[in-house]
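See below for the structure under consideration.
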Amino acid sequence: MSEPIVWLTIFVLSVFVGIDVIAKVSSTLQTPLMSGANAIHGIILLGAVIVTGTTDNDVALVVGLVAIVLAAINMVGGFVVTDRMLQMFVRKKKPAPAPTSDGGAA
Amino acid sequence: MSEPIVWLTIFVLSVFVGIDVIAKVSSTLQTPLMSGANAIHGIILLGAVIVTGTTDNDVALVVGLVAIVLAAINMVGGFVVTDRMLQMFVRKKKPAPAPTSDGGAA
Amino acid sequence: MTPIWVQLTYLACAVCFILALKGLSGPKTARIGNLIGAAAAVVAVAVPFFYLDLDHLALILVAIAIGTAGGVFGAQRVQMTQMPQMVALFNGVGGGAAALVALLELHELIPLTEIDGAVNWFTLAATAFTILVGSISFAGSVVTFAKLQELMTSRPVVFPGLPILFGASGIAAVVLGVVTVTGPAVWVGVVLALVGLLIGLLLVLPVGGADVPIVISLLNAFTGLTVAAGGYVLDNVVLLVAGTLVGASGTFLTMLMAKAMGRSVANILFGALKGGSTLGSGEASDRPVKSAGPEDVAILLGYADRVIVVPGYGLAVAQAQHTLRELVEVLIARGTKVDYAIHPVAGRMPGHMNVLLAEAQVPYEQLVEMDEINGEFKHTDVVLVVGANDVVNPAAKTTPGAPIYGMPILNADEAQQVVFMKRSMRPGFAGIENELLFDPRTTLLFGDAKDSLGKLLNAVKAL
Amino acid sequence: MTPIWVQLTYLACAVCFILALKGLSGPKTARIGNLIGAAAAVVAVAVPFFYLDLDHLALILVAIAIGTAGGVFGAQRVQMTQMPQMVALFNGVGGGAAALVALLELHELIPLTEIDGAVNWFTLAATAFTILVGSISFAGSVVTFAKLQELMTSRPVVFPGLPILFGASGIAAVVLGVVTVTGPAVWVGVVLALVGLLIGLLLVLPVGGADVPIVISLLNAFTGLTVAAGGYVLDNVVLLVAGTLVGASGTFLTMLMAKAMGRSVANILFGALKGGSTLGSGEASDRPVKSAGPEDVAILLGYADRVIVVPGYGLAVAQAQHTLRELVEVLIARGTKVDYAIHPVAGRMPGHMNVLLAEAQVPYEQLVEMDEINGEFKHTDVVLVVGANDVVNPAAKTTPGAPIYGMPILNADEAQQVVFMKRSMRPGFAGIENELLFDPRTTLLFGDAKDSLGKLLNAVKAL
Ligand SMILES: NC(=O)c1ccc[n+]([C@@H]2O[C@H](COP(=O)([O-])OP(=O)(O)OC[C@H]3O[C@@H](n4cnc5c(N)ncnc54)[C@H](OP(=O)(O)O)[C@@H]3O)[C@@H](O)[C@H]2O)c1
Ligand SMILES: NC(=O)c1ccc[n+]([C@@H]2O[C@H](COP(=O)([O-])OP(=O)(O)OC[C@H]3O[C@@H](n4cnc5c(N)ncnc54)[C@H](OP(=O)(O)O)[C@@H]3O)[C@@H](O)[C@H]2O)c1
């Protein structure tokens, strides 16, 4: 197979995976999911590192470093903020700190 | 990317697609689904045609022709039988030929 | 270099196969999904005729014509109850075709292995895989066909040396596979194919008849994987994607089916090998039961307000679906509310009852799935169990250790009255006694379901 | 040639991203899914340090450290109610990074274009795509941030020449894209980036504040696609797969969100452009209503057997979630059965109410989804609507043509009594009047939700 077709194939399959994988998401989780997906595309950091690490032009270096900073913010911030959101959802499954809740809301 | 890795990537993605795509099947449709999937792998017919059409060895030719017959049975028979099954499921949505059913079974 | 349009067409066909599977998994889209798959298959097979300069064109076309005719003939003629064995057969020939293609490919690769670096080991390994697994799938499917078509006993076949023979052929397969990679030769491939046939045989012989549909699904997944490996060897993306799709979804489907029966796939395959059959006994019980004639049952049914019919494997065996539909129509006309309760694993393949009753033109609305109808049994006057047994056996709830323990069942035992139509006191597929048969509220109507239903129908009409 | 272990590691990381998204879409697996994604991202970023001989190592590490610090700081500090704008900001910088990387890549590709066949046009096109769409995503996200953070008006901003300017910059982008492919130059890329920024601005300015979360999701998908294109240019499979996953799932998610609000994505984006705001009026009604003080409402609540709380956007604005939880706890302690009814699009982002109430430590079991609780309103004594409006507006059922017509709502109108807590008679997000406010069974408790709830709490305690 020729190179562009290979990439096209991988692209098309990934589209299917991307859609199917989240098809069952409940509306409650849409925001963390969006945020998590947002963090995942922070992987552009990898591209930024490679490009910056292989340049020998000063302007390019500066631009590359800016790209690295931005991408790292995206990636790290994204995962941390998603985790913060999810912590709240999960935490209070059983050790609910509301001693009164059982009686009335069961 | 090197060739085996490309294929591995496509393979892995296809596995995800294959699983996700049928994850929501109801048990009623499991048999037609199995049968339809069975028909799809009859696409080995394509491989059989290519191999047979490019051989110059007589034994290989005979083997190839056998493979073509078998693969064609798989592919054509598979799709036809699946369609037959599904026809039964779909047909009687509204024009149900049971004039009595409304009164009692509603 | 394959032309771009060819590669794009192949990719488009692969996408269509994805859409086909997606379609097939929803009731509204199933039929169109199947048609999309068929169209894509036809297009993909047509492509090489346009861009390759194929030899033996006439012979190839004749072979395709023969195969097509065979496939259409078999598919049109098969009865709905014989669906599983038909699928098995189609699957087997597909696996066989894949193995043969791989053998031919091995034959073509061998001269190339002389040239350094022209063939990588992965290609040879994939070829060996296809030969082996394709043969397993072929032989296994033929045995499943024979079992279901009752050309041989459908009970597990086990003989003393079986596990050893199985192990030995497994080792032989691995050795031959390694040889194919290190010093490929056509005879090695042929021997590998023979070993594959043996393994297929040994794998399926010990499986009990009723587990066979699950094995068919598994072999189906196997064939998918061989086609995927073939796609790698032939450098063809549509084979790779289509084969992998079938391999993955088939494996998943197999697990779904096994789960619906409360079994694990390993248990089904190797249960008999590990000593002890996967089935219980097939012996008839001699405990006392209450039996009645068609006229008595007709009165029960004729004056009930609410009846639920539980169809099972025996209905398919007796081919009594049309008579049953007539009976239900008459009851409905008399003002009785009647539904069919469909257990997901009633019969011998998933959806068996739906297909069977659909064939008899039973309106879709009257088929109610287990979860929906289970709450209604307690308000039901009479449950009419036609050739079903395990799917209403309370042992699934009450007897830990029973082969069906944990499987959800239809709560027929909650109804006012239960009528069983069966030929004898022999147990169902799982081979265990059904306490419900001995319940004081239960009446048995012995005989072949078709006969009994015919008599019952006349008796109800005469009321 | 990239070493095999690197390629395999990248592939493994790509698989982890798939698993991450899969995990994130189920409540039990969401957190572990996110962690898997984070682990894979760290591993993937670490890989080039091991197999490439990177220059400027110290600077790169410092840059990563700065970015990490910034990301962690922002993520830790942000309040739950500011989540949407935080996500927007993170998304925007990601898009910006992708555009910058593509610009650098363009700079490196240009010398190679001299050599015949070294660079194919597809690569250049992908580069141009990344520059353009990355810039759109950056500028668009910054505007959404400004709108949600109320650095600018959150109402649609439209000016006469906008559609023409939008069209013109679209054409300019296409032309510049073609130039990038046919005669690439860095300045062309820079201009393309500037045009992208303009388009991003023009795209988001006309969107009304409450539609912004949907636009964020869309821009998120855009950034995913730019990363995918960047993966193609850099020949990096993990970027390609991860980017495509986000692009595809993000697009799908955007449509899901829009559907939950009964809108189409095109309508949200271009509604304001097509003349007429996407929002209704913001004017207060002057029809008579029945209002009451906290003490009266406290009596209503204190002697009810069954109360349902309907939280909405106003609860988030007032940051009154903690006070609300306290009130509910007191009511439960008095023996009242109280639940929160969670409408899927209450607030300004999906799951907004869950996040908000979870922050206030409301037990998970008390949050009941719309479909589950809708049947219970008719057996409910008092519905306490705290800062919600559209999600209980019966116009969704009764008034064809209303912007929310067809959206499923909480059936608060079926309860015995309804108490609304809001500051004025101004409508909610959709800008339409809510007949329920004028219903004889409805009581209004005017004031900021936090104040009112505080007073109500004291009044209930004093009962
Ligand atoms: N659906 C699937 O996917 C699938 C696949 C594999 C296995 N299974 C298994 O198959 C079983 C299905 O349960 P089931 O209740 O449908 O069937 P079953 O438990 O096998 O019982 C069938 C009953 O039909 C009676 N019968 C057979 N031929 C008859 C005839 N001609 N006229 C009247 N009665 C006849 C038999 O009794 P007599 O011999 O006394 O007449 C037997 O009691 C489950 O254990 C399930 O796990 C299902
Ligand atoms: N969740 C999502 O994903 C999402 C995204 C975008 C848009 N939307 C849309 O947003 C709307 C959500 O409905 P909703 O019922 O939650 O909100 P809403 O219809 O916007 O109503 C909010 C109400 O809260 C009141 N309010 C505002 N600040 C307050 C405060 N400090 N104290 C007390 N009350 C206050 C407002 O009235 P006063 O001004 O009189 O106080 C208003 O009536 C839907 O139309 C939905 O389509 C949702």
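All heavy atoms count here, side chains included; hydrogens, waters and symmetry mates do not. Within every chain, numbering begins at 1; the chains are lettered A, B, ... in the order of the sequence lines, protein sequences first and strands thereafter. This structure is a prediction, so every number in the text was calculated from the model and none was measured.
A heavy-atom distance below 4.5 Å is not found between the side chains of Thr31(A) and Val355(D). For the pair Leu86(A) and Leu24(D), the minimum side-chain heavy-atom distance is below 4.5 Å. Side-chain contact between Asp83(A) and Leu35(D): present, with at least one pair of heavy atoms (C-beta onward) separated by less than 4.5 Å. Asn91(D) is not listed as a side-chain neighbour of Asn74(A), based on a closest heavy-atom distance of 4.5 Å or more. Looking only at side-chain heavy atoms (C-beta outward), Leu104(D) and Thr55(A) stay at 4.5 Å or farther from each other.
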As a quick check of understanding, evaluate side-chain contact (heavy atoms from CB on, under 4.5 Å) for Trp7(A) and Asp235(D), giving each step before the final call. CA-CA 9 Å; Trp7(A) 290 88; Asp235(D) 196 20; 2.9 Å; yes

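The distance from atom CG of Leu65(A) to atom CG of Leu100(D), rounded to the nearest 0.5 Å, is 11.0 Å. Rounding to the nearest 0.5 Å gives a distance of 10.5 Å between CZ of Arg77(D) and CZ of Arg84(A). Atom CG of Leu234(D) and atom CG of Leu46(A) lie 8.0 Å apart (nearest 0.5 Å). Here NE2 of His41(A) is found 10.0 Å from CG of Leu225(D). Values are rounded to the nearest 0.5 Å. Between atom CG of residue Asn354(D) and atom CD of residue Gln30(A) there is a gap of 11.0 Å, rounded to the nearest 0.5 Å. Rounded to the nearest 0.5 angstrom, Leu245(D) CG and Ile43(A) CD1 are separated by 11.5 Å.
For Ile64(D), the parts lying under 4.5 angstrom from a heavy atom of chain A are both the backbone and the side chain. For Asn57(A), the part sitting under 4.5 Å from any heavy atom of chain D is the side chain, from C-beta outward, and nothing else. Contact of Ala60(A) with chain D is made through backbone and side chain together, with heavy-atom distances under 4.5 Å. With a 4.5 Å cut-off on non-hydrogen atoms, Gln76(D) touches chain A through its backbone and its side chain both. When heavy atoms are compared at a cutoff of 4.5 Å, Leu61(A) approaches chain D solely by way of its side chain, counted from C-beta outward. The contact between Ala20(D) and chain A is made entirely by side chain atoms (from C-beta outward), counting heavy-atom distances below 4.5 Å. For Met75(A), the part lying near chain D is the side chain, with the backbone staying farther off; criterion is any non-hydrogen pair under 4.5 Å. At a 4.5 Å heavy-atom cutoff, the contact between Met83(D) and chain A is made by side-chain atoms alone. Proximity to chain A (any heavy atom under 4.5 Å) is shown, for Leu59(D), by both the backbone and the side chain.
For the pair Asn34(D) (side chain) and Gly36(A) (backbone), a donor-acceptor distance under 3.5 Å is absent. Looking at Ser25(D), its side chain never comes within 3.5 Å of a backbone N or O of Leu33(A) through a donor-acceptor pair.
Of all heavy-atom pairs spanning Val81(A) and Ala75(D), the tightest one is N-CB, 3.6 Å.
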